[in-house]
Amino acid sequence: MRQLTEEETKVVFEKLAGYIGRNISYLVDNKEQPHVFRLQKDRVYYVSEHVAKLATCVARPNLMSLGICLGKFTKTGKFRLHITSLTILAKYAKYKIWVKPNGEMPFLYGNHVLKAHVGKMSDDIPEHAGVIIFSMNDNPLGFGVSAKSTSESRDLAPTAIVAFRQSDIGEYLRDEDTLFT
């Protein structure tokens, strides 16, 4: 497990900033509970500084995971967020969409968010911005990218797509056989 290089840090922060904006400073500048970003193989982890220091005693081949897995780097150098980062993204989300109960299951089965399923949404969402999808009970369900701005979404047909799904908590069940290999 090692620290991120400057280039890797830049790529990770750009991706996170698409979803949480300037709230990224809360991840980095937390004086009470300092956390760090660490890379193990191609996965990026967000872990308490204290736990990261303790993990240096464990040999790299023996260390499976540590902290919260934010995502992984692809072979081309791009960074992909994992569903495990949802707790952090939801806590500091910049743009939010709440889905009605009748839209939760279609979203959790891997479909995009339709206009008919939207209960409410943040007022100032621009087009192609990172959004966090919540149930009406404020439970985070996943994240995606807005298809239209908030003002454009109000005039859409009920079957039009409001947000493109990137990841949802239903992946734990759908991809169960591939997650642990």
Side-chain angles (χ1 to χ4, degrees), residues 1-99 113 120-147 149-150 163-169 171-172 179:
M1 187 158 280
R2 67 168 175 83
Q3 291 182 352
L4 298 174
T5 64
E6 214 172 294
E7 184 62 31
E8 291 168 341
T9 303
K10 180 183 173 196
V11 171
V12 169
F13 281 10
E14 284 175 355
K15 181 63 92 167
L16 288 174
Y19 289 91
I20 62 178
R22 294 180 185 243
N23 293 338
I24 200 166
S25 63
Y26 295 122
L27 296 177
V28 179
D29 298 330
N30 189 348
K31 302 292 184 209
E32 297 164 4
Q33 294 179 329
H35 281 69
V36 293
F37 295 92
R38 292 290 184 255
L39 185 75
Q40 173 72 8
K41 297 183 181 173
D42 58 351
R43 300 191 190 294
V44 176
Y45 294 91
Y46 182 67
V47 61
S48 164
E49 191 174 286
H50 175 70
V51 174
K53 287 179 183 176
L54 292 174
T56 58
C57 299
V58 179
R60 283 188 184 184
N62 297 338
L63 189 62
M64 295 289 293
S65 173
L66 185 68
I68 298 172
C69 180
L70 293 179
K72 74 177 218 170
F73 282 100
T74 63
K75 292 180 181 176
T76 60
K78 294 181 181 177
F79 182 70
R80 302 271 184 237
L81 287 171
H82 282 186
I83 190 62
T84 52
S85 66
L86 183 62
T87 55
I88 292 174
L89 295 177
K91 185 176 181 181
Y92 301 112
K94 189 175 177 184
Y95 303 117
K96 303 175 182 181
I97 295 177
W98 287 267
V99 177
V113 178
K120 59 182 178 176
M121 59 193 304
S122 300
D123 289 332
D124 54 349
I125 301 175
E127 190 172 353
H128 305 299
V131 295
I132 309 302
I133 313 298
F134 289 90
S135 68
M136 293 303 281
N137 299 331
D138 282 333
N139 295 323
L141 300 176
F143 54 89
V145 177
S146 62
S149 67
T150 302
F164 299 112
R165 183 196 73 85
Q166 297 275 312
S167 188
D168 63 78
I169 58 175
E171 287 180 13
Y172 285 120
L179 283 176

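Computed from a predicted model, the values in this text were never measured in an experiment. Only heavy atoms go into these numbers, but all of them, side chains included; no hydrogens, no water, no symmetry mates.
- The ring-ring contact (aromatic ring centres under 6.0 Å, His included) contacts involving residues 46-71 comprise His35-Tyr46, Phe37-Tyr46, where partners must be two or more places apart or lie in separate chains.
- With rounding to the nearest 0.5 Å, the separation of NZ in Lys96 from NZ in Lys120 is 9.0 Å.
- A side-chain donor-acceptor contact under 3.5 Å links Thr150 to the backbone of Ser122.
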Stepwise side chain to side chain contact (heavy atoms under 4.5 Å, CB included) check, Leu141 with Leu86:
CA-CA 8 Å; Leu141 300 176; Leu86 183 62; 5.9 Å; no
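- Within a 6.0 Å sphere centred on CD of Gln3, heavy atoms belonging to other residues, nucleotides or ligands number 12 at most.
- Listed here is the closest heavy atom pair of Val36 and Ala52: CG2-CB, 3.9 Å.
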Test side chain to side chain contact (heavy atoms under 4.5 Å, CB included) on Val113 and Val131 and set out the steps.
CA-CA 11 Å; Val113 178; Val131 295; over 6 Å; no
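- With sequence neighbours excluded, the residues satisfying side chain to side chain contact (heavy atoms under 4.5 Å, CB included) with Ser65 are Tyr45.
- Checked by atom type and distance alone, the side chain of Ser146 pairs as donor or acceptor with a backbone atom of Pro126 at under 3.5 Å.
- Using a 4.5 Å heavy-atom threshold, the side chains of Tyr19 and Ile24 count as separate.
- Two residues are said to be in side-chain contact when any heavy atoms from C-beta on lie closer than 4.5 Å; Ile97 and Ile125 meet this criterion.
- Contact detail for Trp98 and Ser135: the closest heavy-atom pair is CD1-O, 3.1 Å.
- Remark: Arg22 pairs with no residue by the side chain to side chain contact (heavy atoms under 4.5 Å, CB included) rule, at least two apart or across chains.
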Please report, to 0.1 Å, the donor-acceptor pairs under 3.5 Å made by any side chain of residues 66-84, with sequence neighbours excluded.
unit_1, atom_1, unit_2, atom_2, d
Thr74, OG1, Thr76, N, 3.4
Thr74, OG1, Thr76, OG1, 3.0
Thr74, OG1, Lys78, N, 3.1
Thr74, OG1, Lys78, O, 3.3
Thr84, OG1, Cys69, O, 2.4

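- Closest approach of Pro34 to Lys31, counting heavy atoms only: CD-O, 3.8 Å.
- Residues Ile20 and Leu27 are in side-chain contact: their nearest non-hydrogen atoms beyond the backbone lie under 4.5 Å apart.
- Counting heavy atoms from C-beta outward, Ser85 and Phe143 have side chains that approach closer than 4.5 Å.
- Within the model, atoms CG of Leu16 and OG1 of Thr9 stand 11.0 Å from one another, a figure rounded to the nearest 0.5 Å.
- Atom NZ of residue Lys10 and atom NZ of residue Lys15 lie 14.5 Å apart, to the nearest 0.5 angstrom.
- In terms of the side chain to side chain contact (heavy atoms under 4.5 Å, CB included) criterion, Lys91 has no residue partners (sequence neighbours excluded).
- In terms of the side chain to side chain contact (heavy atoms under 4.5 Å, CB included) criterion, residue partners of Lys53 (sequence neighbours excluded) are, by chain and number, Glu49.
- Minimum heavy-atom separation, Ile132 to Ala93: CG1-CB, 3.4 Å.
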